[in-house]
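Just so you know, ligand 1 is whichever comes first in the structure, and atom 1 is the first atom listed for that ligand. Small disclaimer: the values here were computed from a predicted structure and weren't measured. Basis for what follows: all heavy atoms, side chains included, without hydrogens, waters or symmetry-related copies.
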Amino acid sequence: MADFSAAEIEAGRLLFAGAWDFISAAGGLDSVPPMSVPEIAFAGRSNVGKSSLINALTGRRALARTSNTPGRTQQLIFFGGPDRLVLVDMPGYGYAAAAKSKVAAWTDLIHDYLRGRATLARVYVLIDARHGLKDVDATILDTLGKAAVSHEIVLTKCDQVEEAALAARVDEVKAAVRKRPAVFPDLIATSARTGAGIDLLRAAVARLLAERGARSNDIRGHRS
Ligand code: GDP
């Protein structure tokens with residue numbers, strides 16, 4: 001798993017410390033906020049623990065509501081933090097009860113959002129540690145790969161799996177995504193319940209933003 005220095009862990013803590021708030025909910029591209037600061041997005045099957053993870057990252061117990069809340073399953077939800085970072089809660093997918101038309105609307109929204117969102121630094125694809133990768137996850141990984149959006153796997157609910165089984169699950173998921181060059185090769189195992197891995201995920205985001213910042217400085221440097 002990813003290795004982070006104490007300084008990176010601290011940078012991650014600082015990045016997420018302070019007040020996080022709801023910015024807006026977008027049901028279509030016309031209502032997506034204009035691009036400004038870097039964004040990281042969270043995707044996953046309904047019930048994977050996405051709301052719980054966002055709440056754990058931000059230290060706000062009820063910032064993200066469960067994706068089962070009626071009426072908001074097709075929306076992208078934007079949260080703003082104290083620093084220059086926006087979190088995007090993508091609608092949960094693979095909801096068995098969803099009508100075909102709803103699935104199509106979901107797909108359109110996601111495609112529209114992913115297309116040309118230059119501020120989107122990475123999509124974290126959440127996978128339930130108890131279940132591993134499912135067909136529907138493979139579909140979203142295909143979509144992200146085609147959109148050339150940087151993405152990485154985060155295991156959720158790791159408290160529900162014993163240590164040896166978790167290690168086997170990590171290996172299995174890593175092996176499955178190795179065939180997908182667009183997936184970031186590290187994966188982060190978390191539990192919103194115990195807080196395990198939350199500091200690592202924050203550190204990963206801090207590192208990502210630092211790398212992006214360095215890159216854009218480079219570009220500016222070369223231009224001048
Ligand atoms: P979402 O639909 O992906 O937003 O998932 P939620 O965050 O609403 O979580 C779905 C269910 O999983 C809820 O009953 C949560 O209490 C439970 N859950 C979420 N995260 C964890 C976790 O880290 N460990 C355990 N044991 N349960 C979790």
> Check if S191 has a non-hydrogen atom at a distance under 4.0 Å from any atom of ligand 1.
yes
> With the threshold set at under 4.0 angstrom, would you say T156 reaches ligand 1 through any of its heavy atoms?
no
> Which one of G49, G44, A43, G92 has a non-hydrogen atom at the shortest distance from atom 5 (O) of ligand 1?
G49
> By the definition side-chain contact (heavy atoms from CB on, under 4.5 Å), identify the one residue from L87, L201, D199 that meets it with F16.
L87
> Kindly say whether R130 contributes a backbone atom to a donor-acceptor pair with the side chain of R169 at under 3.5 angstrom?
yes
> Classify the angle between the aromatic ring planes of Y113 and F78 as parallel (below 30°), tilted (30 to 60°) or perpendicular (above 60°).
perpendicular
> Could you tell me whether a side-chain N or O of R202 sits under 3.5 Å from a main-chain N or O of L57, the two making a donor and an acceptor?
yes
> D137 versus R45: any side-chain heavy-atom pair under 4.5 Å?
yes
> Give the contacting part of N47 toward ligand 1: side chain, backbone, both or neither, where contact means a heavy-atom distance below 4.0 Å.
both
> Relative to ligand 1, is R193 under 4.0 angstrom through side chain, backbone, both or neither, heavy atoms considered?
both
> Could you name the option among S52, A56, A129 that has the heavy atom nearest to atom 20 (N) of ligand 1?
S52
> Look only at the side chain of N55 and the backbone of S51, and say whether a donor-acceptor pair between them is shorter than 3.5 Å.
yes
> Under 4.0 Å from any heavy atom of Q160, which atoms of ligand 1 are there?
26 (N)
> Going by the closest heavy atom to atom 28 (C) of ligand 1, which one wins out of R45, K157, R130?
K157
